[in-house]
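What follows is a structure written as structure tokens; I'll ask about it next.
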Amino acid sequence: MYHGNYVFNSYRHTYRYDFLTTGRFHWGLGLTGKIRDAQIEVIGDNLLARTTDFGFVPLINFYAEWYPVENLSVLLSGDALAVPGSPGRAEDMLLELRYHFDERISVNADYRILEGGADVDQVYYFSLFHYAVGGVVINF
């Protein structure tokens, strides 16, 4: 009997400059420094194969929010970098619909896609995750 474990921890720090903030549009662009800590492991019948990877990934951050009507916004934001010819890529994108009850309280429904990986001598791995999230935001 064989089984595998896949662990991928990601830590990020972003600096973004919001260069356009009008009544209906908010736009920003920045840089994200991502630290990844990954491990892939296969175990079974007196066999253990494990590879780990720890490293820094620079990403481009973007933010675009549009208010088509009062109290309702559509947000597209994310961190991504894919360079032709490079051994890896990373994308983390969010599409959100948010209703603002007032300046402090809002509810949201989100779709998020997370994709990336690497093709290097030591390992070949790519992952793709789709998920939906809902939430309440309370600003203090």
Side-chain angles (χ1 to χ4, degrees):
M1 179 85 177
Y2 292 91
H3 73 274
N5 294 318
Y6 175 76
V7 177
F8 190 93
N9 295 313
S10 175
Y11 310 95
R12 300 181 202 189
H13 180 75
T14 299
Y15 172 81
R16 182 181 66 233
Y17 178 73
D18 293 337
F19 56 89
L20 175 65
T21 54
T22 66
R24 295 183 63 184
F25 294 99
H26 297 201
W27 302 83
L29 197 59
L31 296 173
T32 295
K34 174 181 174 178
I35 302 293
R36 70 176 182 288
D37 182 11
Q39 176 180 301
I40 302 170
E41 178 178 78
V42 178
I43 303 168
D45 295 340
N46 298 322
L47 174 70
L48 170 64
R50 176 186 299 148
T51 186
T52 61
D53 186 40
F54 183 85
F56 175 78
V57 180
L59 300 170
I60 296 171
N61 176 271
F62 62 91
Y63 179 93
E65 188 171 17
W66 172 50
Y67 290 82
V69 295
E70 188 176 349
N71 297 340
L72 183 69
S73 68
V74 179
L75 170 67
L76 176 64
S77 69
D79 294 311
L81 187 61
V83 178
S86 76
R89 66 179 179 267
E91 301 93 27
D92 184 358
M93 315 260 188
L94 169 75
L95 180 62
E96 177 178 280
L97 183 63
R98 182 175 285 184
Y99 182 79
H100 305 264
F101 291 103
D102 56 34
E103 292 181 4
R104 291 189 54 233
I105 300 173
S106 60
V107 294
N108 57 289
D110 305 346
Y111 168 71
R112 190 168 175 186
I113 183 169
L114 178 63
E115 192 271 342
D119 181 3
V120 294
D121 291 339
Q122 184 183 10
V123 69
Y124 175 85
Y125 69 93
F126 284 90
S127 298
L128 174 62
F129 300 95
H130 296 265
Y131 48 100
V133 179
V136 176
V137 177
I138 301 172
N139 294 314
F140 296 98

When hydrophobic residues are tied together by side-chain contacts of less than 4.5 Å, even through go-betweens, does L29 share a cluster with W66?
yes
Start with the C-alpha gap between N5 and I43, add the side-chain angles, then the distance that decides, and say whether side chain to side chain contact (heavy atoms under 4.5 Å, CB included) holds.
CA-CA 8 Å; N5 294 318; I43 303 168; 4.0 Å; yes
Decide side chain to side chain contact (heavy atoms under 4.5 Å, CB included) for F54 and D37; before the verdict, give the C-alpha distance in whole Å, the side-chain angles of both, and the deciding distance to 0.1 Å.
CA-CA 5 Å; F54 183 85; D37 182 11; 3.9 Å; yes
In plain terms, say whether D79 and K34 are close enough for a salt bridge, that is, a side-chain N and a carboxylate O under 4.0 Å apart.
no
Validation row: F8, I40 side chains within 4.5 angstrom (heavy atoms)
no
Closest contact, heavy atoms only, L59 versus A90
CD2-CB, 3.8 Å
Between CG of L95 and CG of L76, what distance do you get to the nearest 0.5 Å?
6.0 Å
Using the rule that Ile, Leu, Val, Met, Phe, Trp and Tyr join whenever any side-chain heavy atoms are under 4.5 Å apart, tell me whether V137 and L75 fall into a single cluster.
no
Is R16 reaching over with its side chain to a backbone N or O of F62, donor-acceptor style, under 3.5 angstrom?
no
Find the distance between CD (E103) and CG (N139) and round it off to the nearest 0.5 Å.
9.5 Å
For Y111 and L97, run side chain to side chain contact (heavy atoms under 4.5 Å, CB included): C-alpha distance rounded to whole Å, both residues' side-chain angles, the deciding distance at 0.1 Å, then the answer.
CA-CA 9 Å; Y111 168 71; L97 183 63; over 6 Å; no
Under 3.5 Å, is there a donor on one side chain and an acceptor on the other for H26 and Y67?
no
CG on N71 to OH on Y99, rounded to 0.5 Å
4.5 Å
What are the two closest non-hydrogen atoms of F56 and G33, and how far apart are they?
CE1-CA, 3.6 Å
Provide the closest heavy-atom pair for D102 versus I105 in the form atom of the first, atom of the second, distance.
OD1-N, 2.9 Å
Under a single-linkage definition using a 4.5 Å side-chain heavy-atom cutoff for Ile, Leu, Val, Met, Phe, Trp and Tyr, are L94 and Y131 assigned to the same hydrophobic cluster?
no
Applying the 4.5 Å side-chain criterion to the ILVMFWY set and letting contacts propagate, would V136 and F140 be lumped into a single cluster?
yes
Is any side-chain heavy atom of L81 less than 4.5 Å from a side-chain heavy atom of V57?
no
Using side-chain hydrogen bond (donor to acceptor under 3.5 Å, both in side chains) as the criterion, point out the one residue from R98, E96, H100 that pairs with S73.
H100
Would Y15 end up clustered with Y63 when hydrophobic side chains under 4.5 Å apart are linked, directly or stepwise?
no
From OG (S106) to CD1 (I138), nearest 0.5 Å:
9.0 Å
Once you round to the nearest 0.5 Å, how far does CG of N61 lie from NE2 of H13?
11.0 Å
Please determine whether side chain to side chain contact (heavy atoms under 4.5 Å, CB included) holds for the pair F126 and R89, giving the CA-CA distance in whole Å, both sets of side-chain angles, and the decisive distance to 0.1 Å.
CA-CA 9 Å; F126 284 90; R89 66 179 179 267; 3.5 Å; yes
What's the separation between atom CG in N9 and atom CD1 in I35, rounded to the nearest 0.5 Å?
12.0 Å
